[in-house]
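Just below is one structure, and these are the notes that go with it.
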Amino acid sequence: MIRFIVKRDGRKVSFNQQKIANAIKKALLSVHPDDDITPQDEELVVKLTAEVVNLIEGEVNRVPTVEHTQDLIEKVLIKHDLADEAKNFILYRQQRTNIRTYNADLTRIYRDLTSKSTADMDLKRENANIDANAPMGLMLRFGSEGSKDFVKRYVLKPEHALAHTNGTIHIHDLDFYLLTINCCQISLKNLFERGFSTGHGFLREPQSIQSAAALCCIAIQSNQNDMHGGQSIPMFEYDLAPYVGISYLKHLGKVIQVSLRNDDFDTTKLRAFGKELYKKNNSLLTEESQKSLREEVAAELRPWYDKDDFEALLDYIFAETLKLTERETYQAMEAVIHNLNSMQSRAGAQVPFSSINYGTGTTPEQRMIMKNVLLATDAGLGGGETPIFPVQIFKVKDGINTKPGDVNYDLFRLACQVSAKRLFPNFSFLDAPFNMQYYKPGHPETEVAVMGCRTRVFGNHYDKTKEIIPGRGNLSFTTVNLPRLGIEAHGSISHFYDSLDKVMQMVCVQLLDRFDIIAEKHVYNYPFLMGQGVWIDSERLNMDDKIGDVIKNGSLSVGFIGLAETLVALIGRHHGESEEAQRLGLEIIGHMREAMDKKADETGLNFSLFSTPAEGLSGRFVKIDRKIYGELKGITDREYYTNSFHVPVYYNISAADKIRIEAPYHNLCNAGAISYVEMDGDLTRNVDAFEKVILYMKECGIGYGSINHPVDRCPVCGYVGVINDVCPKCGRRDGEGVTIERLSKLGVDCICRG
């Protein structure tokens, strides 16, 4: 006979069998809450209660506890095919646990944030852009953790909160769940032409490439404060090129005044002519425009200069103007890179996650911007460091930049050279069929552009007339823990698909719940994103209007992680090891994509499939799963699950084979995907090989790709490249310094030399 039971706080109280009966009765009623309990139900309650009590009495060496008793109730309900009742009982337990642990959990998190170092706390490393040891970063983490805790306990449906907590799914950016959306592609053209406000004054259209570059950074910073994800400029060279033209005309006027030694020479008419010429030809630097401009300058200067060397004077004026414009453009691009690696957003706690896309602009002004942003990237930051932001994406397109003779082949070649040294730019491929279907020549807004992390938003179920890039972005995404579903299937493919369908359906409901919350927000909640017309169609809204209709142009995405480990769980090998696994992998991801397409058709919203950037999440999932299932070879025996559909990095495979295997998945992941290739050696010495790998990605149908390789930097002389035992520039060995005299001979500047 059971006399006592131990409560959660350790107290011993008298055992009361009726409490078990009440719990079972509530579970039965939860499935049909509007029906009264029947005599048959009462009999079932008595029967099930007796079974639970018998199980407790059978454990003679175990003191009964409340927690274990509830485990037995779940077990008995499931045994009698009462799965729905058991599920509701589990959710009820979770809610009660949430209420009991609310203060304790949040207090512990706050205590750890203030007392533990970044190295000792995963939470502090969750966002690499935030220094969680600094005051503002720490304050941001306080707010973040409080918000996440509130959302899990009081906003999410219990089943969604439980699935997130136990690692079945991961709801990204949970702290912003009630607040905002993910990311956006910003059109600088529209923003600059009409001018904009950051809330502390109106900024008019820039009047030089240098001021345009500064406003570009301000726009990214301001938009970041309204969103939780990244900011991208999808048409970087197109949007900034007109301001190269304006700078050119300024420099032209100044050079003329200096040449004539006449500061009072009026260049107003000449600049007006130049502006009209730019509107007509979309460039001042083409051969045709230069000829017209030269004729106009000649006509203006003839009355002021009657010497024999008039043509030589014109040659000097135009050469010097071009040189000054080139120099200013370089400085402007240098400023973009330096600013975006130093300016702060979100209460001064985070560098904006910024990206720029470029590669297809063919006017001289557009090419000048691209060349100089690459050269500034190659030069690095003030100490020669590799700049992390903006993440740069070079758009690869046949007929524009892939072969010798193409107008931008030299820039593609330069992009390969810079990426071989600095890891950026990455490369996107416009000719991939899933990108090409939207492409319209002469309309750069239809050229695929991605966030640096890989997010892609292109097709538009909500409005087919707006299948463009600028002004759109991802609203929210949630990731499915595929390896867990593979483990729990115990080799049964049909069981795996049944579980996958249920989880994906649950995630879709959760994404719609989040959409409904944000749809009720107003323009005034997003003073820059919506108030300044950055998001598509938001310019037609008033400050008090709700944003529900315009955010329908964004996407809702289901992500996934660990396809490789899932395949090992199901058939013992991953897709890098066997064709059978590759077929199954494509079938699984294809099944997920079909589900997303069906959901998009049902709702009219842009549901899409995302190859989740793993980063911290890969470790979170495997840590939880290892506790549950133990260390399973090829599945939970490492500290991470493999990023999305990638062939595992630890698996020895050629670059060509990895590209070939991963390429078909890009077509299925319409919310975005990236493939990385790891290469050894100093690629700056073999740009030809680098270029061949990038072009092979294009031929195989990769949508977005990158080459990772070792990049070392000597802290003494600043050399960037592969450094084995000895720096090839200054001869420094690891751990030793180099004399000032030796650096002087190398021509290396140091602090003492100024």
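Note: hydrogens, waters and symmetry copies are ignored here, and every other heavy atom, side chains too, is used. Because the structure is predicted, anything quoted here is derived from the model rather than measured.
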Self-check item: Test item: I393 and S355 side chains (from C-beta on) under 4.5 Å apart, heavy atoms
Solution: yes

Quiz item: Does any donor atom in the side chain of T684 or D682 lie under 3.5 Å from an acceptor atom in the other side chain?
Solution: yes

Quiz item: Under 3.5 Å, is there a donor-acceptor pair between the side chain of K395 and the main chain of L430?
Solution: no

Quiz item: Taking all non-hydrogen atoms of both residues, which atom of G452 and which atom of Y704 are closest, and how far apart?
Solution: O-OH, 3.1 Å

Exercise. From the options L324, T267, L270, select the one residue that forms a side chain to side chain contact (heavy atoms under 4.5 Å, CB included) with L252.
Key: L270

Exercise. Compare all side-chain heavy atoms of V373 with those of V336 and state whether any distance is below 4.5 angstrom.
Key: no

Quiz item: Are any of the side-chain heavy atoms of F310 and L301 separated by less than 4.5 Å?
Solution: yes

Quiz item: So, for V457 and I469, which heavy atoms are closest and what is the spacing to 0.1 Å?
Solution: O-CD1, 3.4 Å

Quiz item: Would you call the rings of F412 and Y409 parallel, tilted or perpendicular if under 30° counts as parallel and over 60° as perpendicular?
Solution: tilted

Exercise. Carefully, step by step, assess T325 and V244 under the rule side-chain contact (heavy atoms from CB on, under 4.5 Å).
Key: CA-CA 7 Å; T325 305; V244 174; 3.8 Å; yes

Quiz item: Hey, what do you get for CG (L203) to CZ (F196), rounding to the nearest 0.5 Å?
Solution: 5.0 Å

Quiz item: Can E365 and Y243 be counted as having a side-chain donor-acceptor contact under 3.5 angstrom?
Solution: no

Quiz prompt | Check: T360 main-chain N/O paired with E237 side-chain donor or acceptor under 3.5 Å | solution = yes

Quiz item: So, for T362 and R367, which heavy atoms are closest and what is the spacing to 0.1 Å?
Solution: O-CD, 3.6 Å

Quiz item: Quick one: are P390 and I337 in side-chain contact, heavy atoms under 4.5 Å?
Solution: yes

Quiz prompt | Close side-chain approach of P352 to Q231, heavy-atom, < 4.5 Å | solution = no

Practice problem: Apply side-chain contact (heavy atoms from CB on, under 4.5 Å) to the pair D398 and K403, showing each step before the final yes or no. | Solution: CA-CA 8 Å; D398 278 341; K403 296 182 292 295; 4.2 Å; yes

Quiz item: Going from CD on E445 to CD on E447, what distance comes out if it is rounded to the nearest 0.5 angstrom?
Solution: 8.5 Å

Quiz item: Are E678 and N708 close enough, and set up right, to give a side-chain hydrogen bond (donor to acceptor under 3.5 Å, both in side chains), and what steps lead you there?
Solution: CA-CA 5 Å; E678 304 282 341; N708 285 344; 3.3 Å; yes

Exercise. Using a strict cut-off of less than 4.0 Å between a Lys/Arg side-chain nitrogen and an Asp/Glu carboxylate oxygen, indicate whether E320 and K323 qualify as a salt bridge.
Key: yes

Quiz item: Do I707 and F690 touch side chain to side chain, with heavy atoms closer than 4.5 Å?
Solution: yes

Exercise. Give a yes-or-no answer on whether the side chains of Y358 and Q392 include a donor-acceptor pair shorter than 3.5 Å.
Key: yes

Exercise. Can you label the angle between the W304 ring and the F265 ring as parallel, tilted or perpendicular, going by 30° and 60°?
Key: perpendicular

Quiz item: Hey, are Q185 and S232 close enough side-chain-wise for a donor-acceptor pair under 3.5 Å?
Solution: yes

Quiz item: To the nearest 0.5 Å, what is the distance between CG (L188) and SG (C216)?
Solution: 5.0 Å

Practice problem: Check P527 against D226 and note the closest heavy-atom contact, atom names and distance. | Solution: N-OD2, 3.4 Å

Quiz item: So, do H666 and F429 sit near enough that their side-chain heavy atoms are less than 4.5 Å apart?
Solution: no

Quiz item: Within the distance-only criterion (no hydrogens, no angle test), does the side chain of S222 pair as donor or acceptor with the backbone N or O of T198 below 3.5 angstrom?
Solution: no

Quiz item: Have N460 and E467 got a donor and an acceptor in their side chains that come within less than 3.5 Å?
Solution: no

Practice problem: With side-chain contact (heavy atoms from CB on, under 4.5 Å) as the test, would you mind laying out the steps for R456 and N435 before giving the verdict? | Solution: CA-CA 10 Å; R456 169 188 181 274; N435 292 330; 3.0 Å; yes

Self-check item: Under 3.5 Å: donor-acceptor pair, side chain of R472, backbone of N553
Solution: yes

Exercise. To the nearest 0.5 angstrom, please state how far the CD1 atom of I246 sits from the OG atom of S211.
Key: 8.0 Å

Quiz prompt | Nearest-0.5 Å distance that lies between atom CG in L374 and atom CG in L411 | solution = 7.0 Å

Exercise. Taking atom CZ of R204 as the centre, report whether more than 12 heavy atoms of other residues, nucleotides or ligands fall under 6.0 Å from it.
Key: no

Self-check item: N/O donor-acceptor pair under 3.5 Å between S289 side chain and S283 backbone
Solution: yes

Quiz item: Using a distance-only test with no angle check, is there a side-chain donor-acceptor pair under 3.5 angstrom linking N372 and T329?
Solution: no

Practice problem: Would you name the heavy atoms of P364 and L285 that are closest together and state the gap between them? | Solution: CB-CB, 3.4 Å

Quiz prompt | F434 ring center within less than 6.0 Å of F458 ring center | solution = no

Practice problem: Could you tell me if the ring centre of Y248 sits under 6.0 Å from that of Y278? | Solution: no

Practice problem: Output yes when a side-chain donor or acceptor of Q366 lies under 3.5 Å from a complementary backbone atom of L240, and no otherwise. | Solution: no

Quiz prompt | Pairwise side-chain contact, N408 with M370, heavy-atom cut-off 4.5 Å (strictly under) | solution = yes

Quiz item: Would you say Q532's side chain and M530's backbone share a donor-acceptor pair under 3.5 angstrom?
Solution: no

Practice problem: Take V523 and S538 through the side-chain contact (heavy atoms from CB on, under 4.5 Å) test and state the conclusion after the steps. | Solution: CA-CA 8 Å; V523 171; S538 61; 5.9 Å; no

Practice problem: May I ask you to say whether R294 pairs ionically with E311, meaning some side-chain N is under 4.0 Å from a carboxylate O? | Solution: yes

Practice problem: Taking all non-hydrogen atoms of both residues into account, name the closest pair between G359 and N401 and its distance. | Solution: O-ND2, 3.1 Å

Practice problem: Flag the pair D266 and R271 as a salt bridge only when some basic side-chain nitrogen lies within less than 4.0 angstrom of an acidic carboxylate oxygen. | Solution: no

Self-check item: K279: salt bridge (Lys or Arg N to Asp or Glu O under 4.0 Å) partners, not counting sequence neighbours
Solution: E276

Quiz prompt | Any donor-acceptor pair under 3.5 Å from D309 side chain to A312 backbone | solution = no

Exercise. Could you tell me whether a side-chain N or O of Q224 sits under 3.5 Å from a main-chain N or O of F353, the two making a donor and an acceptor?
Key: yes

Practice problem: Mark yes or no for whether Q290, through its side chain, and L284, through its backbone, hold a donor-acceptor pair below 3.5 Å. | Solution: yes

